[in-house]
Amino acid sequence: MTMECVERLRLFLVESPIKMARLQGIGNIKGTVKRVLVELTSSSGITGWGEAAPWEVFTGTAEGAFAAIDIYLRPYVIGAPVKEIRALTHTMDKALVGHGEAKLAIEMAMYDILGKSCGLSVADLLGGRVRNEIPLSFSIADPDFGADMARMEEMVRSGHEIFKVKTGVKSHREDMSHLEAMREAFGDRLDLRIDYNQALQPFGAISVLRDVERFRPTFIEQPVPRDCLSAMASFVEALDTPILADESCFDARDVMELVRLKAADAISVKLMKAGGILKAQAQMAIADTARLPGYGGTLWEGGIALAAGTQFIAATPGVSLGCEFYMPHHVLTEDVLEKRIENRSGRVVIPDGAGLGICVSDTSLRSNARVIEER
């Protein structure tokens with residue numbers, strides 16, 4: 001019996017317009033976002049899709065991910081057995097340092113092919129699903145706060161309850177005013193979270209964080225730069241509100257250090273940050289042991305990558321704080337999927353089809369994104 005292998009790799013650098021500007025402590029986005037899409041085809045003709053969505057202020061560039069796959073990873077992917085995904089991830093790590101998003105895109109497409117070949121979803125391949133829906137968190141980050149309030153009113157009416165406010169970009173007084181306006185308008189219906197994206201410095205941060213505690217946030221995310229773990233530990237000790245680590249938590253080693261220093265109460269798990277589905281599961285294995293819940297974070301992914309994220313969370317019990325997979329429905333003007341993943345009453349419905357449970361065609365890709373480069 002012949003082993004099924006990867007025969008073809010197509011690569012697209014695409015640019016997609018977004019509906020709104022986004023201000024965040026680590027950096028801003030306006031106008032468009034760039035992503036890299038990968039299509040693998042197996043020897044039996046099954047196609048699988050993957051996506052790399054780096055952010056230049058966070059992990060890297062889309063152009064860098066495109067080159068990493070095209071020049072350095074392609075020789076190892078062509079001919080790789082479809083069933084040997086873990087072996088390929090080890091090979092890619094030896095062949096190229098960093099570029100986790102590029103490696104994730106390949107791993108994602110391999111899982112998509114494998115799932116389709118045996119009629120199972122990626123969640124099934126990861127051990128089976130523990131949830132069918134994921135509570136959806138929307139980030140309040142528009143420079144026009146009035147536009148965000150109008151957006152919230154519409155979303156609350158349709159069942160959304162979780163909103164994460166990006167703070168530290170505007171003045172503390174403005175942040176406090178906005179948080180107060182949200183609590184006054186929506187009361188305790190909101191599951192309100194706060195995210196500084198490293199915007200504060202350790203000196204004086206505790207007084208700022210004590211101020212925002214009065215709005216009863218579910219957690220405060222990454223208040224200080226990622227290497228300020230002593231400060232993070234002091235916040236965990238001093239505050240009633242849980243501290244969630246994002247930029248301080250890229251890999252399993254980071255999780256171990258957070259646990260050792262007691263520098264976080266929860267972690268944000270992003271596939272783009274982890275550089276792989278298997279690597280994200282390894283992070284959560286450590287977090288589970290330490291009883292740190294996970295949150296499904298995001299960068300600027302489209303529907304392909306977020307389909308992988310839903311499959312990962314579906315099969316990972318510890319990621320219990322919801323997800324922020326709102327880009328395709330609320331920020332991108334168009335997505336490359338033929339049909340977007342369903343959002344229902346403030347929750348992401350996990351696709352139950354084979355592989356990633358999505359469909360991408362040349363038509364849906366080229367009609368809904370600008371192809372900058374193709375190989």
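Computed from a predicted model, the values in this text were never measured in an experiment.
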- Task: Apply the test side chain to side chain contact (heavy atoms under 4.5 Å, CB included) to residues L136 and C323: give CA-CA distance (whole Å), side-chain angles for both, the deciding distance (0.1 Å), then the verdict.
- Result: CA-CA 5 Å; L136 177 63; C323 72; 4.3 Å; yes
Compile the donor-acceptor pairs under 3.5 Å between side chains in residues 64-72 and protein atoms, sequence neighbours left out, one pair per line.
| unit_1 | atom_1 | unit_2 | atom_2 | d |
| --- | --- | --- | --- | --- |
| D70 | OD1 | R74 | NE | 3.2 |
| D70 | OD1 | R74 | NH2 | 2.9 |
| D70 | OD2 | R375 | NH1 | 2.9 |

- To the nearest 0.5 angstrom, please state how far the CG atom of L299 sits from the NZ atom of K270. 5.0 Å
- Message: What I want to find out is whether R193 reaches E324 closely enough, with some N-O distance under 4.0 Å, to be called a salt bridge.
- Response: no
- Query: With sequence neighbours left out, what residues match D265 under side chain to side chain donor-acceptor pair (under 3.5 Å)?
  - Reply: none
- Among all residues two or more places apart in sequence or in another chain, which pass the side chain to side chain donor-acceptor pair (under 3.5 Å) test with R8? none
- So, are K262 and E237 salt-bridged, with charged N and O less than 4.0 Å apart? no
- Task: For the residue pair N197 and Q222, establish whether any side-chain heavy-atom pair is separated by less than 4.5 Å.
- Result: no
- Task: Only counting residues at least two apart or in another chain, list the ones meeting salt bridge (charged side-chain N to carboxylate O under 4.0 Å, His left out) with R347.
- Result: E133
- Message: If you count every heavy atom of other residues, nucleotides or ligands that lies below 6.0 Å from R86 atom CZ, does the total exceed 12?
- Response: no
- Query: What is the ring orientation for F163 with F138, classed by angle as parallel under 30°, tilted 30 to 60°, or perpendicular over 60°?
  - Reply: perpendicular
- Answer yes if the side chains of S361 and T363 hold a donor-acceptor pair under 3.5 Å, and no otherwise. no
- Item | All salt bridge (charged side-chain N to carboxylate O under 4.0 Å, His left out) counterparts of E15, not counting sequence neighbours | R370
- Note on the structure: Sorted by chain and residue number, the side chain to side chain donor-acceptor pair (under 3.5 Å) partners of S345 (sequence neighbours excluded) come out as none
- Item | Validation row: N343, Y326 side chains within 4.5 angstrom (heavy atoms) | no
- Message: So does T41 get a backbone contact from the side chain of E7, meaning a donor-acceptor N/O pair under 3.5 Å?
- Response: no
- Query: Do E107 and T89 have a side chain donor and acceptor closer than 3.5 Å?
  - Reply: no
- Note on the structure: The single option from D175, D195, D148 that satisfies salt bridge (charged side-chain N to carboxylate O under 4.0 Å, His left out) with K166 is D195
- Task: Just jot down the salt bridge (charged side-chain N to carboxylate O under 4.0 Å, His left out) partners of R216, sequence neighbours excluded, or say none.
- Result: D188
- Task: Output every pair passing salt bridge (charged side-chain N to carboxylate O under 4.0 Å, His left out) with a member in residues 43-55, not counting sequence neighbours, ordered by first then second residue.
- Result: R35-E51
- Query: Is any side-chain heavy atom of P225 closer than 4.5 Å to a side-chain heavy atom of Q201?
  - Reply: yes
Please list, one pair per line, the donor and acceptor atoms closer than 3.5 Å that link side chains of residues 276-284 to other protein atoms, with sequence neighbours excluded.
| unit_1 | atom_1 | unit_2 | atom_2 | d |
| --- | --- | --- | --- | --- |
| K279 | NZ | D93 | OD1 | 3.0 |
| K279 | NZ | D93 | OD2 | 2.9 |
| Q283 | NE2 | F250 | O | 2.8 |

- Sequence neighbours excluded, the answer for salt bridge (charged side-chain N to carboxylate O under 4.0 Å, His left out) partners of E39 is R10
- Message: Can you tell me how far apart OG1 (T91) and CG (L73) are? Round to the nearest 0.5 Å.
- Response: 10.5 Å
- Count the heavy atoms of every other residue, nucleotide or ligand shown that sit under 6.0 Å from CZ of F145, and state whether that count exceeds 12. yes
- Note: E257-R260 ion pair, threshold 4.0 Å (strictly below): yes
- Message: Going by the rule side chain to side chain contact (heavy atoms under 4.5 Å, CB included), which residues pair with A147 if we only count those two or more places apart in sequence or in a different chain?
- Response: D142, D144, R151
- Quick note, ring pair (Phe, Tyr, Trp, His ring centres under 6.0 Å) partners involving residues 213-248, not counting sequence neighbours, are F219-Y295
- Any donor-acceptor pair under 3.5 Å from R131 side chain to P317 backbone: yes
- Message: Any non-hydrogen side-chain atom of Y76 less than 4.5 Å from a side-chain atom of I106?
- Response: no
